Amino acid sequence: MKNTVLKILLIALLGWAAQYLSVWFAGPLTALLINLFWKGSSGQGFLSGFLGIGLLWLALALYTDQATDGLLTVKMAQIFPLNGSRVALISLTAFVGAFTAGMCGWTGALLRSVRD
Amino acid sequence: MKLIKLILVSSLTVALLYLFNRVMVVNNNALPPLGKILDPVNGFWANAEKDIPRLKKAIRSDKLKGEVTVKYDERWVPHIFTTDTRDAYFVQGYVTAAHRLWQMEFQTHAASGRLSEILYHSLGDKVLKNDRFMRRNGLLRSAQATVEAFESDPEANMIVTAYTEGVNAYIESLSYKDYPVEYKLLDYKPEKWSKLKCALLLKYMAHMLTGESEDVALSNQVNRFGMDFVNLFYPDFPSDLSDPIIPAGTVYEKDPGIAAKTDTLSTDTSMQVSASMSPFEKLPEGLGSNNWAVAGSKTATGAPILCNDPHLQLNFPSIWFEMQITTPDYNVYGVTLPGAPAVIIGFNDYISWGVTNGTREVKDWYKVQFNDTRTEYLVDGVWEKAIIQKDTFYLRGEKEPFIDEIIHTRFGTVVFDQGMKDDNSSDNLVCRWIAEEVSNEMFTFVKLNRARNYEDYANALKHFNCPAQNFVFASKTGDIAIWQQGGLYPFEKGQGRFVQDGSLSQNLWTEKINPDYTPHIKNPERGFVSSANQHPTDAAYPYYYNGRFEYFRNRRINAELTRLSNISIKDMMTLQNDNYNLIAAEALPVILPYLNEKAKKSEYTALLNTWNFFNDAGQEAPSVFQAWWDQVMEMMFEELKESEKEYIIPQQYNVIRAMKTHPDHVIYDDVRTPKKENLSDMINLAFVNATAELDSVKAVKGNLQWANYKETSVQHLLFTLKPFSRFNIPIGGGKSIVNACADRWGPSWRMVVSLEKETKAYGVYPGGQSGNPGSRFYDNMINTWAAGEYYELWVMKSENDEKGKVLFSQMFFN
């Protein structure tokens, strides 16, 4: 349990840095790499990626939305189209990050177990 | 087992990453790359701005000579302070790009027929057709010629080079994260800016202002309805009307450099134009621009006041970008066109100037006779070789580009033929557009920015060729002036009114009239100059021109300027926002008496009977008049639209006059019914239809208030991005009203400049300084504009003159 939490935190932190320095999928790929080097079950691999990047994207989107009073969020939530719902767009953002990173984490864990 | 699982999961992961990284086209809708755009670090979230736009505080470039300071005020207007003129253009380019990059590039893509490169995957052949039309119209070719004109002049070249370097310095500093949100939504990248793009931007403006030409339509209508019909509804000079820009009765000199014509010109009006010619797209009638200047003798302060409000399509990002540029040589404030150097409309420490469209036709159509393979065409009985050019269009999402074959003749380029817009036409209509000539319109603005007196203004205008513009002028020394400048040719009477015979070389234009002899006037007796797209002159002007001129606004403006004395800035603001509907005031007395007894008792008629003819936002009568009048126009000219030929609806002034002078004309008959309708039948039927329409509008919207009925909107350049637009803006006015605010067009910049010792200037435009929909400066001026209010235009005396109004400072240095 403690391991999983630490892994999630590590993925979130390194994923954040990776995305700042590079492109969007650098975050999810961090989940792959961490699970490649830090052995764990397939389930833990998926969960750590899903929550690590999912929570990171959720927090960042939520922060931006709040800090800007949702000025752009509302407009984008109509374009997407999510009926102008800020909550829906923030959730979609978190889910896209989470799911991609979850799959990456799972792949990382599997790669590790195949190598072992 | 493990391996199979790994292969399965990893392929799924790769597929997911791939999908989320690219555009997906579903049912012709292009979905943006989900992962890329939703990334809260680099995606659209990075475009959401907290208080002020995110800009770099310090910019270093080896292209700069000295230091430049830029101060952004409370409305985010940049005030540029530089010690070097070249640096000023560099920084103008940089600062403009930092706020309007997407718009600048999108418009140049549109102008050069390259929108297919970014939109073909979702819009398909529709966008390709548009691109082909733009190329055949010659925008790209004329922009290329303009670049040569820039490069042949050291100063012009310095200016566009510096501006281009400034834009590129900004573009080079960007990564995906910094791209305007439209790039992220459409998933493409900005390309390098170039001198060609500066030229394209200017040509795009020329295209917007000269899109229409009557030649083809009038030729068709002469053939269908006869010359009497054309002369009644499309007269060159309406006999009962004379309120030209240069006051009637002015005596004109002929240009001594133009030899008297000896040739008899072929103005054969029976030129047959193919029956299958599809109608062109129509621009809304009654929109243009207003400008005027009143002399000190008529103002309260004794100093001249200059006003201008150009009416353009109401778009986001805004068409204008406001700024102040201060160099040791000049200090200019006004609005710029994103993508072009210099201030276009504004004032400096000595003078102020503004523009309206000349509306004189600058496109001439010729019917050219080709051989079967279209490799040669006949001129004066001799076959000449046509220049055939392959034109390539790259299509997004397609491997193979589209190749168009463009045929050039010495009369112009084939625009409409069986391959373009009109698949059945056997005709080859070529268009000659004055904007295709080599010219350097930019110089006019560069020189106006630095002008100090009337002579400087007159010299600056000489560079202006297309489209003809009415340049209004006022100076602190008390001069006022107006000049319609643009390429003008010594046409014979009637030449260029219809499609011309392209087999005779004498129908080509040759010499041009010296700008000293184009219509202008300085300090007229009446104490003001003005223009609102009407005739530049009365019929006494020695050279023939044609176009669509009567928009009612000029007569209202001139009546008000004549009436007013002791004029204040407030009076001028009131006049710019004047909602008096002169069409209604002239049309209603003609059509109301025809109403039958039943219609006379209608609640709608009651509204009209008590109406003061003002199209104010909250009034209901303007909606009633508009609904009725639209029906009248529709029923009167339904036969024009019955044919598949290109047609043009007469101007409303000529329609009202015809109703008075020709109440028995056959035009009032509805050709779609067996009954023979007369004028009275038509007017009553129109009223019945209008009543039905008004009833249903009222049922939906709850009332008939003019602003609700008219529905003014300011829309994003990509119409599909509705959430980036503003709809139902509460504003009065309308077509052919001084406050020319229609549904999609209107006053794009209102400016009032009082040239007192210390200049007092006011302005507003429907939008905001930032092109970013995630910025509060994107649309912050809309409500002020709609309310008819203004901002005081703050001319900073020096970079240290902050008055607590500076929100952000930027430094540029080498």
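Just so it is clear: chains get the letters A, B, ... in the order the sequence lines come, proteins before strands, and each one is counted from 1. From a predicted model like this one, the values you see are computed outputs, not experimental measurements.
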Whether over 12 other heavy atoms sit under 6.0 Å from Lys126(B) NZ: no

Residues in residues 105-116 of chain A that sit under 4.5 Å from chain B, counting heavy atoms only: Trp106(A), Thr107(A), Leu110(A), Leu111(A), Ser113(A), Val114(A)

side-chain contact (heavy atoms from CB on, under 4.5 Å) for Val96(A) and Phe20(B)? Distances and angles first, verdict last. CA-CA 8 Å; Val96(A) 166; Phe20(B) 282 174; 3.7 Å; yes

Min side-chain heavy-atom separation Leu71(A)-Glu49(B) under 4.5 Å: no

Under 4.5 Å from a heavy atom of chain B, the part of Leu32(A) involved: neither

State, yes or no, whether a side-chain contact exists between Trp45(B) and Met76(A) at a heavy-atom distance under 4.5 Å. no

What's the verdict on side-chain contact (heavy atoms from CB on, under 4.5 Å) for Thr13(B) and Thr100(A), showing C-alpha distance, side-chain angles and the deciding distance? CA-CA 7 Å; Thr13(B) 306; Thr100(A) 320; over 6 Å; no

For a 4.5 angstrom cut-off between non-hydrogen side-chain atoms, does Ile79(A) reach Phe724(B)? yes

Decide side-chain contact (heavy atoms from CB on, under 4.5 Å) for Phe25(A) and Asn21(B); before the verdict, give the C-alpha distance in whole Å, the side-chain angles of both, and the deciding distance to 0.1 Å. CA-CA 8 Å; Phe25(A) 52 77; Asn21(B) 198 45; 4.1 Å; yes

Side chain, backbone, both or neither: which part of Ile37(B) has a heavy atom under 4.5 Å from chain A? side chain

Examine whether an atom of Asp51(B) lies under 4.5 Å from a heavy atom of chain A, and if so say whether it belongs to the side chain, the backbone or both; otherwise answer neither. neither

Are more than 12 heavy atoms from other residues, nucleotides or ligands located less than 6.0 Å from atom CH2 of Trp76(B)? yes

Which region of Val181(B), side chain (C-beta onward) or backbone (N, CA, C, O), has a non-hydrogen atom less than 4.5 Å from a non-hydrogen atom of chain A, or is it both or neither? side chain

Between Trp24(A) and Tyr176(B), is any pair of side-chain heavy atoms under 4.5 Å apart? no

Looking at Gly774(B), Gly35(B), Ala48(B), which one has more heavy-atom pairs under 4.5 Å with chain A than the rest? Gly35(B)

Any chance the side chains of Asp39(B) and Gln19(A) put a donor and an acceptor closer than 3.5 Å? yes

Flag the one option from Thr93(A), Leu58(A), Leu56(A) with the top tally of heavy-atom pairs under 4.5 Å to chain B. Thr93(A)

